[in-house]
Amino acid sequence: METDKLFDEYYEKSLMQGGTGCCPGCGGPMFWRMALETLGPNTILYGDGPCAYCAIRNIKLPTFGLHFSFIADGSTGIVAALAAKGRADITVVSSGGDGATGDISFGKVSAAAERNENMIQICIDNEAYMNTGIQKSGLTPYGAWTTTTPLGKEAPKKSIPMIIAQHAVPYVATVSVAYPRDLKAKIKKAMGIKGFKYIHTVMPCPTGWRFNPAKSVEVVRLGVQTWAWPLWEVENGVLKLTLKPKQKPIEEYLKAQGRFRQLSEDQINFVQSEIDTRRKRLLENEGKNIVI
Ligand code: SF4
């Protein structure tokens with residue numbers, strides 16, 4: 001009974017109601033709960049369809065949900081309307097999955113970044129087109145099984161946050177639901193900056209990544225600890241690593257997920273060497289302006 005009361009009190013105050021349309025263990029509701037606790041009620045959300053958006057159908061804020069191909073377009077209109085009304089007190093958040101952000105609507109996200117639209121663009125990256133049947137996207141990592149890469153993807157994951165950073169926008173950051181304090185601090189920072197801000201989270205998807213839903217946070221934490229998903233920010237062009245964990249072998253992250261089960265030892269060694277190279281490059285460039 002006491003627990004029920006605590007839940008009732010929490011959901012009374014929370015901008016998200018209990019229950020979502022997502023699978024158990026999905027990282028989407030985790031991300032939005034943390035994000036909304038930081039963004040607060042003066043927020044308008046705009047985003048594409050499931051899965052990135054499934055978690056925010058039941059929130060107590062104005063939301064607009066459109067197709068994959070309109071990411072950053074509609075939110076540009078909302079920003080313009082608010083500016084015309086002189087409403088500087090509202091944060092416009094535009095979100096898309098990896099397919100929308102990195103493939104289908106990439107040109108639109110890039111154009112909004114080029115125009116330096118005053119919005120926070122968020123990529124909720126579950127590393128495949130999960131809602132249409134687990135097909136690979138440009139952000140599916142090397143070696144991952146999907147229904148269109150049954151033997152594992154051969155190409156690497158597109159580094160969309162680094163590509164957006166090259167647009168010379170004021171703020172770009174990577175986050176993880178396994179590190180809520182870092183996630184919330186970056187959203188808060190983005191809220192205080194005028195212009196285009198880009199935040200990218202890899203979101204655990206037990207259904208498509210093939211692991212026990214109870215292990216969601218553990219799996220994405222391993223992504224950060226192995227440096228498969230390093231946490232960094234680029235503010236006015238300058239790179240900063242916001243967490244430098246002691247590096248764990250990538251094997252721990254790969255073996256925790258069924259989608260990588262077909263990888264040979266040679267392929268695992270290849271992934272490790274790619275990560276080591278990227279980690280070295282990040283560490284070498286920390287504190288430097290990386291917009292070239
Ligand atoms: S398929 Fe994956 S991303 Fe989509 S709702 Fe289920 S767990 Fe979340």
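Atoms within each ligand, like the ligands themselves, are counted from 1 in listed order. Small disclaimer: the values here were computed from a predicted structure and weren't measured.
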- Message: Over 60° means perpendicular and under 30° means parallel, so tell me whether His167 and Phe106 are parallel, tilted or perpendicular.
- Response: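 Perpendicular: the ring planes of His167 and Phe106 meet at over 60°.
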- Aromatic rings Trp229 and His200: how do their planes relate, parallel, tilted or perpendicular, breaks at 30° and 60°?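 Ring orientation, 0 to 90° scale: tilted.
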- Message: I'd like to know if atom 8 (Fe) of ligand 1 has an N/O/S atom from Cys26 within less than 2.8 Å of it, counting both backbone and side-chain atoms.
- Response: yes
- atom 6 (Fe) of ligand 1 contact by Cys205, N, O or S atom under 2.8 Å: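 Short answer: no, not a single N, O or S atom is under the cut-off.
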- Query: Touching ligand 1 at all, Pro206? Heavy atoms, strictly under 4.0 Å?
  - Reply: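 Pro206 counts as a contact of ligand 1 under the 4.0 Å cut-off.
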- With heavy atoms of Cys23 as the reference, note each atom of ligand 1 found under 4.0 Å away. 1 (S), 5 (S), 6 (Fe), 7 (S)
- Item | Thr207 neighbourhood, listing ligand 1 atoms whose heavy-atom distance to it stays under 4.0 Å |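 Counting atoms of ligand 1 from 1, those under 4.0 Å from Thr207 are 1 (S), 6 (Fe), 7 (S).
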Return yes when atom [atom1] of [X] has more than 12 non-hydrogen atoms of other residues, nucleotides or ligands closer than 6.0 Å, and no otherwise.
X      : atom1 : answer
Lys189 : NZ    : yes
Glu265 : CD    : no
Lys60  : NZ    : yes

- Message: Looking at non-hydrogen atoms alone, which of Asn126, Ile124, Asp125 comes nearest to atom 3 (S) of ligand 1?
- Response: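 The option holding the nearest heavy atom is Asn126.
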